[in-house]
Amino acid sequence: MNATTIPATTAPVLTFGGVSVTRVVESVGSIGMTPDQFFPGTDASVWTEDADALRPHFLESDGDTAMASTSRVAMQTWILRSDGKTILVDAAIGNDKDRPDVPSWSHLQTDYLDHLAAAGIVPDDVDVVVNTHLHADHVGWNTRLVDGVWVPTFPNAQYLFPAEDLAFWDPANDNATIMGAGAHTVWADSIAPVLASGQVRSWSGSHRIDDALTLESAPGHTPGASILRLVSGDHEVLFVGDTLHSPAQLRDVHTSSCFDEDTATAHTTRDRIFSEAAERGLLMFPAHFGGHGGFTVKKSGDSFAIVEWAPLDAI
Ligand SMILES: [Zn+2]
């Protein structure tokens with residue numbers, strides 16, 4: 001795995017060649033959905049046989065059985081420092097947002113900006129904001145409420161939005177989505193203000209941020225869903241966004257979350273990315289994994305299994 005943990009009084013940092021990676025957490029805990037609710041049609045054996053491995057970081061112990069327990073997820077940002085720039089990967093849920101369809105995400109008051117500050121980051125210093133896709137839990141801190149107006153949280157940053165997601169979620173296009181009309185509030189408070197400020201760069205296919213960092217299309221979860229590939233020195237790491245939400249999806253790549261817009265494409269994308277990671281021993285960091293956050297995998301038959309966790313403190 002070759003990553004080193006640098007002891008820090010603030011947030012833990014990993015280094016991969018010339019790029020450092022810091023984890024900043026907004027929240028971690030139950031998402032309030034059992035496996036059947038979060039992953040409709042999921043094979044119970046994936047959960048029951050792996051329950052000991054899924055607990056405590058990915059499955060709560062709040063039910064009598066694994067299938068009666070709720071999934072545990074982290075809302076967090078991966079901060080990359082590369083080539084003198086500070087890059088935020090995904091922007092969690094945010095404060096003050098009205099989310100009528102998801103009460104537990106509505107009108108939050110978290111100390112996320114304090115967590116950023118503890119990692120040595122003030123909003124003015126952020127150069128690039130990556131939204132791997134445009135779901136509510138990835139765009140929240142794009143903006144904050146100041147005197148009743150939504151303004152970009154990071155005034156000097158370029159915001160990178162996948163073009164396919166911009167088209168898909170734009171209320172003007174009236175697309176049928178899993179999220180329904182609830183997504184319109186996300187657009188209004190977290191996307192439109194950044195478009196209006198002129199800070200958005202949309203991209204399609206792939207987008208090179210610098211010599212070490214490249215965004216790549218990974219559709220299925222949403223049409224514009226993407227991953228970020230880090231290549232520096234001998235190191236290569238994948239930030240895989242919402243390609244998966246639980247280790248259960250490694251064991252069975254056909255396990256789709258209820259938030260995957262196109263399940264067939266999501267299956268294909270998972271298999272492609274996990275196969276490459278297994279073949280080449282690449283660390284993967286999903287957006288929502290608690291615990292140690294990242295891992296390497298091996299492939300056996302049609303399924304994948306975790307080989308080693310990233311050397312991050314478990315949350
Ligand atoms: Zn998400």
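We count ligands from 1, going down the list as the structure has it; atoms in each ligand are counted the same way.
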### Query
Can the ring centroids of Phe39 and Trp47 be said to lie less than 6.0 angstrom from one another?
yes
### Message
Please give me the protein atoms (N, O or S only) lying under 2.8 Å from the Zn ion (ligand 1), ordered by chain and number.
### Response
Asp137 OD2, His138 NE2, Asp242 OD2, His288 NE2
### Message
Apply salt bridge (Lys or Arg N to Asp or Glu O under 4.0 Å) to residues Arg144 and Asp96 and explain how you reach the verdict.
### Response
CA-CA 8 Å; Arg144 56 179 163 175; Asp96 299 303; over 6 Å; no
### Sub-6.0 Å ring centroid separation between Trp309 and Phe58
yes
### Task
Report yes or no: is the cationic atom of Lys97 (NZ for Lys, CZ for Arg) closer than 6.0 Å to the six-membered ring centre of Trp150, at no more than 45° off its axis?
yes
#### Entry: Centroid separation His138 to His288 less than 6.0 Å
yes
May I have the list of side-chain donor-acceptor pairs in residues 212-220 shorter than 3.5 Å, sequence neighbours left out?
from	atom 1	to	atom 2	distance (Å)
Glu216	OE1	Arg229	NH2	3.2
Glu216	OE2	Arg229	NE	2.5

